[in-house]
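See structure below.
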Amino acid sequence: MTTDRQQLVLKLHKDHAYLQALMAQITALCERGDLTSGCNGCAPQQRTTCNSDIENLIRTFIEATLHHNMLESACMQDIAPREHRHAHNQAHLMIAERLKSVRLDFRQTGNGVATIREITAIMGLLTEHINSYDQQLESYLLAA
Ligand SMILES: [Fe+2]
Ligand SMILES: [Fe+2]
C-alpha cells in the first residue's frame with residue numbers, strides 16, 4: 001500500500017518526466033544549430049510553422065514548470081527545514097525568471113534557434129535542480 005507521501009513523490013516524478021518529454025519535443029523542432037542566421041536560413045512558410053510550434057510548446061513548458069514548482073513549494077511547508085524551503089524556493093524563482101525572459105526574448109526577436117538553445121540550458125538547470133533540491137525534498141517527504 002502506498003501512503004499519501006509516497007503518492008506525492010510519484011506525482012513529482014511524473015511531472016519531472018513530463019517536463020523532460022516537453023523539452024525533448026522543443027529541441028526536436030529544429031535541427032539548425034546556426035545562431036548567426038537564426039531562423040532566417042529557413043523558408044518563410046517553415047518559419048511560420050516553427051514559430052507557432054515553439055510559442056505553444058514554450059507556453060506549455062513554462063506553465064507546467066511553474067505549476068510543478070508551486071506544488072513542490074506547497075508540500076514543503078510543514079515537512080522541510082526552513083533553510084531548505086528558503087533555498088529551494090529561491091531556486092524555483094530563479095528558474096521562473098529565466099523562463100520569463102526566454103519567452104520575452106522569443107517574442108521580441110522571433111529567433112527560434114536561440115530560444116531552443118536557451119530552453120536547453122534551462123532544462124540543464126532544471127535537471128541539476130531535480131538531482132539536488134528535489135531529491136532532498138523527496139527524502140524529507142519519505143522520512144516524515
Ligand atoms: Fe524543486
Ligand atoms: Fe521538481
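Each ligand, and each atom within it, is numbered from 1 in the order the structure gives. Numbering starts at 1 and runs along the sequence shown. None of these values were measured; they are calculated from a predicted model.
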Taking both backbone and side chain into account, is any N, O or S atom of H92 nearer than 2.8 Å to the Fe ion (ligand 1)?
->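 Coordinating: yes.
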
Measure the spacing between CZ of F106 and CD of E118 and express it to the nearest 0.5 Å.
->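 Between atom CZ of F106 and atom CD of E118 there are 13.5 Å.
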
Just how far is it from atom OG1 of T65 to atom CE of M23, taken to the nearest 0.5 Å?
->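 Those atoms lie 10.5 Å apart.
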
Please state the angle at the Fe ion (ligand 1) spanned by NE2 of H129 and OE1 of E72: what is it, rounded to 10 degrees?
->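 It comes to 170°.
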
Please work out the angle at the Fe ion (ligand 1) defined by atom NE2 of H88 on one side and atom OD1 of D134 on the other, rounded to 10°.
->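 The two atoms form an angle at the metal of about 90°.
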
Say whether L125 and L99 are linked into one hydrophobic cluster, either directly or through other cluster members, by side-chain heavy-atom distances under 4.5 angstrom.
->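 No, it is not one cluster - the side chains of L125 and L99 are not joined through contacts under 4.5 Å.
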
Using only N, O or S atoms, tell me which atom of H68 is closest to the Fe ion (ligand 2).
->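 The Fe ion (ligand 2) is closest to the H68 atom NE2, counting only N, O or S.
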
Anything under 30° is parallel, anything over 60° is perpendicular, the rest tilted; go ahead and classify H16 against H68.
->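 Correct class here is perpendicular.
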
